[in-house]
Amino acid sequence: MDKQAAVASLGQTSLLRPAWVQAALAANDRLKVALTLLQAAAAHARQPAEPLQDLRAECAAAGLKGRWLDELQAGATLQGEDLLLPEAGRLAALLHEALTTMARPVTGLPGEVDDTTDAEVTALRQRRDHWLQNLARWKADCEHGRAALGSDHLRALTHGHRGKRGQPADDSLHLLVMDLHKALNRLSATLASEVIDGAHAWQIGPQDRPRIAAFMRGLGRTRALKLDHPGLDTAATRDGPHLLIQNDIGTNDAHVLVVQVVDGETVDGVPATPGIRLTYSDLHKPRFAFFQARLAELGAQWSAPQSQVRADLNEGAAYQLGTATFTCADEAALALALEGIGARIVFLIDWNRARKRPQAFVAKPLAIEVLREAAQREVGHRAWLEAGGEQLVFDAMQDLGPGAFRIGDRLDAVLGEAAAQAFLVDVLALAWRARTAHQPAALVADETRLLLTRHMQQHRTEFDLLTEHAAWVQTLAEAVHEALADGTVDGGDDRTEAAARLGARAKTWERQADHLVMRARTQAERLPRWRSVVALMELADDVADALEEAAFLISLLAEQRRGHSRKLLHGEVRAALQALAETVLGATQDHVRALAILCGLGQGSDATDQDAFVAATWRVLQAERRCDELLREARRALCRHVPEPAVLMLASDLAASLELASDRLLTLEYRLRDLAFRRVESPSVLG
């Protein structure tokens with residue numbers, strides 16, 4: 001991982017000086033231990049009977065580990081005057097890397113253009129280049145089987161003698177390390193640092209402190225959500241007219257954020273408003289888009305993200321780089337934006353892993369919505385991941401049994417997208433609450449099961465489909481009633497076209513109702529409890545079919561008016577048909593009321609609700625009986641007043657269709673009554 005290279009790639013090298021010095025001092029420790037190991041190995045090769053030097057503590061303190069370090073000393077042998085070392089190539093690579101890192105704050109990187117006139121820096125750079133070339137040749141020799149280290153080469157690496165006064169000394173890697181260490185100490189003294197609410201800051205002005213504090217206030221508000229995951233270290237400095245704030249986010253080398261606070265230039269004595277320029281890099285496109293959206297909530301304007309590739313970052317793989325700008329009206333708005341940016345960073349940590357886990361239960365876009373809402377509620381996802389993640393949800397689904405979920409079922413397919421999202425966000429929230437209350441993971445698992453049970457109880461997909469189907473039936477009944485009441489059925493003028501439109505709309509509505517029945521049948525194939533729902537919806541669909549047929553017959557009757565100057569339906573006939581349609585409409589409305597009441601019926605239901613349900617179903621029964629009478633009245637009127645055979649047939653069929661709708665409604669209502677009685681006895685029936 002190389003966060004320094006990542007920040008440098010964003011063009012903010014002034015942020016890196018303290019980090020470079022810190023890394024250089026750590027590299028100094030590695031170099032000294034590595035050279036000590038080399039000297040110990042040479043000593044053991046010369047006197048193999050002597051005990052080995054125990055350098056394990058020194059290696060651990062310098063961050064060096066691996067069995068090869070022990071073998072380096074134990075396996076050292078002499079071949080004539082040459083020293084043979086196991087893993088000599090790894091030692092050469094270690095020395096090369098550590099020297100490059102240690103020299104960087106003083107000399108820059110090899111190949112970097114530097115116009116310094118400092119003679120000491122120039123001399124150190126030349127010595128660095130000499131030893132880097134020397135170490136590279138040694139590593140290449142080892143790779144080609146020429147691992148022997150001559151005595152002169154060994155001395156050149158390890159000796160610490162500067163020679164007598166007035167005489168030039170032979171240089172060594174050891175001497176160079178000591179000289180670089182002195183230069184680092186002098187450089188460190190020039191970096192007067194301070195800590196502002198956890199941010200390491202240096203060379204800042206008085207106006208910068210409240211801005212850094214605002215950023216750290218937001219970071220501190222949500223920092224705990226990362227738990228023990230590394231990241232969120234912050235550095236700040238002033239680079240000319242700008243304040244720079246850098247946050248390392250997590251552990252990936254290409255995942256870096258730099259905030260540049262721009263002071264507006266004074267025009268005619270009036271200072272312009274300050275602004276923010278934020279540069280962000282990320283190797284994951286979905287996470288980049290997620291952060292874009294989160295900052296857009298604060299008013300960020302993003303440039304088009306660019307794909308970047310650097311050999312020293314992300315193992316040479318491409319990563320995304322983009323810039324966001326904020327225009328702030330005053331210092332208060334600037335502080336608010338900085339706090340908002342700081343508060344949102346923690347949700348990027350471990351984000352990609354958190355995005356993948358919910359995809360076992362919901363579609364990819366919905367999984368991102370879950371993380372977005374969890375971020376908005378500032379509960380995050382890390383606590384959920386550590387408490388068990390997706391296993392919590394799998395166990396909860398399994399505990400509800402095959403009556404609710406089968407193997408392979410997804411939450412969004414069973415609960416619906418909105419309910420599935422709400423459940424998963426609630427699970428993330430309860431995991432965070434449990435973590436802050438120091439509750440065990442077993443308790444989180446129990447609460448997840450209870451939460452899913454409540455969501456399943458609240459979500460009655462069966463009733464949703466029944467209620468939606470009932471709404472289409474009522475829409476059909478209203479359209480038929482209106483066509484008979486306003487004279488559309490009589491045709492003539494523009495009413496024939498209106499009747500044709502009615503027929504087309506009714507067919508569309510009836511198909512919508514059919515789709516609901518098909519959805520119920522699909523559910524019944526996977527969940528046995530849906531079979532009773534299918535039976536109810538098939539009865540309800542008979543009502544929809546009868547009403548669609550009535551609308552079609554009205555359109556045919558309207559066509560019969562062509563060529564006639566008088567109305568085809570006598571007033572008595574129209575009155576009987578209108579009464580039929582009005583009664584059927586009332587029955588469909590009572591059916592909708594009965595379903596609405598049925599959704600809430602159970603053992604704890606209020607007696608008033610139960611009475612209202614019974615009353616609604618009895619009105620459907622009375623409507624069916626009334627329709628029987630009205631059908632006969634309509635037929636008598638037709639025989640008396642309609643001589644045209646075609647009109648007589650169509651009007652008679654219209655009346656019969658309306659009566660059939662009432663008849664099917666009655667059968668449906670009897671089934672609903674049985675269901676209601678069972679639900680009062682056992683609320684688990686049908687959901």
Side-chain angles (χ1 to χ4, degrees), residues 3-4 6-7 10 12 14-19 21-22 191-252 255-263 274-282 291 294-295 297-300 323-351 375-380 382-383 432 436:
K3 287 287 186 183
Q4 299 171 35
V7 177
L10 304 185
Q12 306 298 351
S14 59
L15 280 166
L16 300 172
R17 293 187 187 105
V21 170
Q22 184 179 11
L191 299 175
S193 63
E194 60 181 297
V195 178
I196 301 176
D197 295 340
H200 296 279
W202 65 99
Q203 298 176 352
I204 60 172
Q207 75 275 30
D208 298 326
R209 289 182 177 84
R211 296 171 174 178
I212 297 170
F215 179 85
M216 296 304 295
R217 187 163 55 249
L219 198 72
R221 193 173 82 212
T222 58
R223 176 190 290 272
L225 292 169
K226 79 181 183 73
L227 304 183
D228 58 354
H229 197 285
L232 299 189
D233 292 336
T234 302
T237 190
R238 176 156 283 275
D239 184 19
H242 310 309
L243 167 67
L244 299 177
I245 303 173
Q246 181 257 327
N247 188 275
D248 67 5
I249 305 178
T251 58
N252 183 271
H255 200 197
V256 173
L257 177 148
V258 173
V259 176
Q260 183 183 72
V261 182
V262 182
D263 291 317
I276 298 172
R277 178 184 174 89
L278 180 148
T279 306
Y280 176 63
S281 65
D282 198 326
F291 194 51
R294 296 292 290 134
L295 291 193
E297 299 167 1
L298 297 174
T323 302
T325 56
F326 299 77
T327 302
C328 305
D330 49 32
E331 281 293 327
L334 177 68
L336 194 63
L338 287 170
E339 182 176 345
I341 293 169
R344 284 161 170 76
I345 297 174
V346 73
F347 303 107
L348 300 173
I349 292 178
D350 229 1
W351 183 91
Q376 279 192 329
R377 290 169 58 173
E378 294 194 352
V379 296
R382 285 280 302 144
W432 171 240
T436 56

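What you see below is based on every heavy atom in this structure, not just the backbone, and it leaves out hydrogens, waters and symmetry mates. Positions are given from 1, in the same order as the sequence printed here.
- Between D197 and R209, none of the side-chain N atoms (NZ, or NE/NH1/NH2) sits under 4.0 Å from a carboxylate O, so this pair counts as no salt bridge.
- Separation of atoms OG1 (T234) and CD1 (I212) is listed at 10.0 Å; rounding is to 0.5 Å.
- Heavy-atom minimum distance, A335 versus A214: O-CB, 3.6 Å.
- With R382 contributing its side chain and L227 its backbone, the two residues share no donor-acceptor pair below 3.5 Å.
- Between Y280 and T323 there is no side-chain heavy-atom pair separated by less than 4.5 Å.
- The closest side-chain heavy-atom distance from E378 to W432 is not below 4.5 Å.
- Here the closest heavy-atom approach between residue L298 and residue G340 is recorded as CD1-C, 3.5 Å.
- Other residues, nucleotides and ligands contribute more than 12 heavy atoms inside 6.0 Å of the CZ atom of R377.
- Looking only at side-chain heavy atoms (C-beta outward), I196 and I204 come within less than 4.5 Å of each other.
- In terms of heavy atoms, K226 sits closest to G231 at CE-O, 3.6 Å.
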Give the C-alpha distance, both sets of side-chain angles, the deciding distance and a yes or no for side-chain contact (heavy atoms from CB on, under 4.5 Å) between V259 and L244. CA-CA 6 Å; V259 176; L244 299 177; over 6 Å; no
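- Counting all heavy atoms, side chain and backbone alike, T222 lies closest to G342 at OG1-O, 4.2 Å.
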For L257 and L278, what are the C-alpha separation, side-chain angles and deciding distance, and is it a side-chain contact (heavy atoms from CB on, under 4.5 Å)? CA-CA 7 Å; L257 177 148; L278 180 148; 4.0 Å; yes
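- In this structure, the separation between CD1 on I341 and CZ on R294 is 12.0 Å, given to the nearest 0.5 Å.
- Counting heavy atoms from C-beta on, the side chains of R344 and L295 come closer than 4.5 Å.
- Between I245 and V258 the shortest side-chain heavy-atom distance does not fall below 4.5 Å.
- Note that CD of Q260 is 11.5 Å distant from OG1 of T325, once rounded to the nearest 0.5 Å.
- Here the straight-line distance linking atom CG of L225 with atom CD1 of I349 works out to 9.5 Å at 0.5 Å rounding.
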Decide side-chain contact (heavy atoms from CB on, under 4.5 Å) for E339 and M216; before the verdict, give the C-alpha distance in whole Å, the side-chain angles of both, and the deciding distance to 0.1 Å. CA-CA 7 Å; E339 182 176 345; M216 296 304 295; over 6 Å; no
Begin with the C-alpha distance, continue with both residues' side-chain angles, and end with the deciding distance and a verdict on side-chain contact (heavy atoms from CB on, under 4.5 Å) for I345 and F215. CA-CA 11 Å; I345 297 174; F215 179 85; 3.6 Å; yes
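- A 4.5 Å side-chain heavy-atom check between R211 and L334 finds at least one atom pair inside the cut-off.
- A337 approaches F326 most closely through the heavy-atom pair CB-CD2, 4.5 Å.
- Between F291 and L348, some side-chain heavy-atom pair lies under the 4.5 Å cut-off.
- Looking at heavy atoms from C-beta onward, Q207 lies out of side-chain contact with E331 at the 4.5 angstrom threshold.
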